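Some notes on the structure that comes next.
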Amino acid sequence: MRLRGTLPVLALSALSALSALLALFTHEGIAGQPVTPTLLWMWDRPQLFTSLPEGVGVAYLHATVRLSGEQSRTTWRQWPLRIAPGVVVVPVVHITLDNLAPSPVNDAQQQAIAAALEHAAAHSRSGWVQLDFEARRSQREAYVALLRRLQPLRARGVRLSATALASWCMSDPWLPAGLLDETVPMYFRMGAESARIRQRLQATGAASVPACRNAAGLLLGEPWPVLRGVKRRYVFHTGTWKNEDFKKLDTRDTTP
């Protein structure tokens, strides 16, 4: 997901506080839990709403792993989330890249990302975790190696979701099949390809890559493409979610 800025560093001594904070997310309803139609992406900000509409869950930022050259640094969520029992909650691990020090996503960096996802899985009450990593072309081989490293997590029953640039699901497919339980193309801030991708979606109602057709990433405040057959949508907000924003979700179904 394209974001500006990074999370403040949380001292390692505060990890116990994070664990206590996330203890609110108990392991409920994993087996047989239906797919929630709408999940709100919530970054590390205070949230002001009092409750969520029925059928709406939360995909919250759990950790950020910053890659810079050969180094990595993991920071953890600082703002608490108080979410009622029964709401589907998916922890997200976000990867940021240093433009001044390109990263090879080496073995140690892959281990750091995998460790953050393991930690997220331990605090997931939905059985899902999500990887948010806009890998560059030079990092694709390492990205695939990372996904292969995560397969034991899936073997233990954790379901792995990952965001994807819309182009990866349309004109530039490269992700190998079978390594993810869910691929979420981000149909917003698509840059120069936006018009072409929207035209194709208008004509076909679906991504070119079959694995990308079950989910969609959308932005509140930007026109949503017409999509058919989407089972789950993730909605991003550039600011803080408020109660009045939920009314905008009610009339913005992806399927006509």
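For the numbers below, each heavy atom of this structure counts, side chains included, while hydrogens, waters and symmetry mates do not. Everything numeric in this text was worked out from a predicted model, so none of it was measured.
Applying the disulfide (SG to SG under 2.5 Å) rule to pairs touching residues 97-202 yields C169-C212, sequence neighbours excluded. The stretch residues 106-117 participates, sequence neighbours left out, in these side-chain hydrogen bond (donor to acceptor under 3.5 Å, both in side chains) pairs: E70-N106, S103-Q109, D107-Q111, D107-R149, Q110-R149.
R198 places a side-chain heavy atom less than 4.5 Å from the side chain of M190. Between E134 and L97, every side-chain heavy-atom pair lies at or beyond the 4.5 Å cut-off. With contacts defined as side-chain heavy-atom distances shorter than 4.5 Å, the pair F133/V65 does not qualify. Side-chain contact check for L131 versus L146: some heavy-atom pair is nearer than 4.5 Å. A 4.5 Å side-chain heavy-atom check between I83 and M42 finds every atom pair outside the cut-off. Side-chain contact check for D245 versus L249: every heavy-atom pair is 4.5 Å or farther apart. Residues V93 and V129 have side chains not in contact (no heavy-atom distance under 4.5 Å, counting atoms from C-beta outward). With contacts defined as side-chain heavy-atom distances shorter than 4.5 Å, the pair R189/E222 qualifies.
Remark: R233 fails to qualify as a cation-pi partner of W224 under the 6.0 Å distance and 45° angle criteria applied to the six-membered ring.
Side-chain N/O atoms of Q151 and R154 include a donor and acceptor closer than 3.5 Å. Checked by atom type, the side-chain pair R200/S171 shows no donor-acceptor distance below 3.5 Å.
Take D172 and apply the side-chain hydrogen bond (donor to acceptor under 3.5 Å, both in side chains) test, not counting sequence neighbours, and it matches R137, R140. When the ring-ring contact (aromatic ring centres under 6.0 Å, His included) test is applied to Y234, the partners found at least two apart in sequence or on another chain are W41. For Q71, the side-chain hydrogen bond (donor to acceptor under 3.5 Å, both in side chains) test picks out no residue, with sequence neighbours left out. Evaluation of the side-chain hydrogen bond (donor to acceptor under 3.5 Å, both in side chains) rule for R213 yields no partner, not counting sequence neighbours.
Shown are H94, H119, R77; of these, the side chain to side chain contact (heavy atoms under 4.5 Å, CB included) with H62 is made only by H119.
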Item to complete: Before giving the answer on side-chain contact (heavy atoms from CB on, under 4.5 Å), spell out for E118 and L153 the whole-Å C-alpha distance, their side-chain angles and the decisive distance to 0.1 Å.
Response: CA-CA 7 Å; E118 288 273 3; L153 194 66; 3.5 Å; yes
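Between the T240 side chain and the Q47 main chain, no donor and acceptor come within less than 3.5 Å of each other.
Between the NE2 atom of H123 and the OH atom of Y60 there is a distance of 7.0 Å, given to the nearest 0.5 Å.
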